[in-house]
Amino acid sequence: DAMVIQNPRYQVTQFGKPVTLSCSQTLNHNVMYWYQQKSSQAPKLLFHYYDKDFNNEADTPDNFQSRRPNTSFCFLDIRSPGLGDAAMYLCATGRGGRGTDTQYFGPGTRLTVL
Amino acid sequence: RKEVEQDPGPFNVPEGATVAFNCTYSNSASQSFFWYRQDCRKEPKLLMSVYSSGNEDGRFTAQLNRASQYISLLIRDSKLSDSATYLCVVNDEWPDKLIFGTGTRLQVFP
């Protein structure tokens, strides 16, 4: 059974048109993460929520926002997608240990910007 | 210097071969270590954790050398289905901030 679910799996948007990606989890994990992964590159952490506390990475563009209305759901909003934002967006969850635990990834949403 | 460095490959090996991947990390205070596998256009999946004592899971053996800040993965008797990118991952901070290497690509041929 899927534990981290992402919708949609594929998203096509136009340059500048806002888009929202969705992630849900059945693991009841405290932490939810959003990563951006471009071709042949490592996943890059954008931000994470520890419960309701939002933590932004220093180099995440303002164009990227996130919402976590409850434990199970987390959203990634891209306010004005540019061509450079085309990528795979990965959601992951974790228990929130002290540097000892791993993360569980969803299948990703592949974003195309036209 | 990158926080986690890997040889990007690709490593092209025949079925049945033994292949080893290496990884170095820069933060000596890193707490835990993992190898993830990522198939083309799919999400990373945990392959195994890496412990100082070394650990083995079937054909896969992982080793950690904290003094040298070096992690390795050995795959014995390679299968076609092992073809993938192998990501070296280090867990540095609370809460569990994973630092990924860029991955080593493995291609196993018949």
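Naming: A, B, ... by sequence-line order, numbering from 1 per chain. Every value quoted in this text rests on a predicted model; they were computed, and no experiment measured them.
Taken together through direct or relayed side-chain contacts under 4.5 Å among Ile, Leu, Val, Met, Phe, Trp and Tyr, V13(B) and L74(B) form parts of separate hydrophobic clusters. Cluster membership for V19(B) and Y86(B), using ILVMFWY side-chain heavy atoms within less than 4.5 angstrom, is shared. Connection of L76(A) to L45(A) is not established within any shared hydrophobic cluster, with ILVMFWY side chains joined at heavy-atom distances below 4.5 Å, either directly or through further cluster members. M32(A) and I78(A) are assigned to two separate hydrophobic clusters, defined by single-linkage of ILVMFWY side chains at heavy-atom distances under 4.5 Å. F75(A) and L27(A) are members of different hydrophobic clusters when ILVMFWY side chains are connected at heavy-atom separations under 4.5 Å.
Listed by first then second residue, pairs satisfying salt bridge (Lys or Arg N to Asp or Glu O under 4.0 Å) with a partner in residues 79-91 of chain B read R59(B)-D82(B), D77(B)-K79(B), not counting sequence neighbours. For residues 32-45 of chain A, the set of pairs meeting the salt bridge (Lys or Arg N to Asp or Glu O under 4.0 Å) definition, not counting sequence neighbours, comprises K44(A)-D59(A).
The OH atom of Y33(A) sits 6.5 Å away from atom CG of L98(B), with the distance rounded to the nearest 0.5 Å. To the nearest 0.5 angstrom, Q103(A) atom CD is 8.5 Å from F34(B) atom CZ. Taken to the nearest 0.5 Å, the CD atom of E43(B) stands 13.5 Å off from the OH atom of Y35(A).
Contacts between Q6(B) and chain A at a heavy-atom distance below 4.5 Å are absent for every atom of the residue. Of the atoms belonging to Y36(B), it is side-chain heavy atoms, and not backbone ones, that fall under 4.5 Å from chain A. Looking at R41(B), both its backbone and its side chain come within 4.5 Å of chain A, counting heavy atoms on both sides.
When the shell of 6.0 Å around CG of N70(A) is examined, it contains more than 12 heavy atoms from other residues, nucleotides or ligands. Crowding of Y51(B) atom OH: a count of heavy atoms from other residues, nucleotides or ligands under 6.0 Å not exceeding 12. Heavy atoms of other residues, nucleotides or ligands lying less than 6.0 angstrom from CZ of R105(B) number 12 at most.
Between chain B and the options Q37(A), Q41(A), Q6(A), the largest number of non-hydrogen pairs under 4.5 Å is found for Q37(A). Contact count against chain A (heavy-atom pairs under 4.5 Å) is highest for P44(B) among P44(B), S49(B), G103(B).
The contact list for residues 82-91 of chain A toward chain B, using heavy atoms and a distance under 4.5 Å, reads M88(A), L90(A) by residue number. Contacts of residues 104-114 of chain A with chain B at a heavy-atom distance below 4.5 Å involve F105(A), G106(A), P107(A), R110(A), listed in sequence order.
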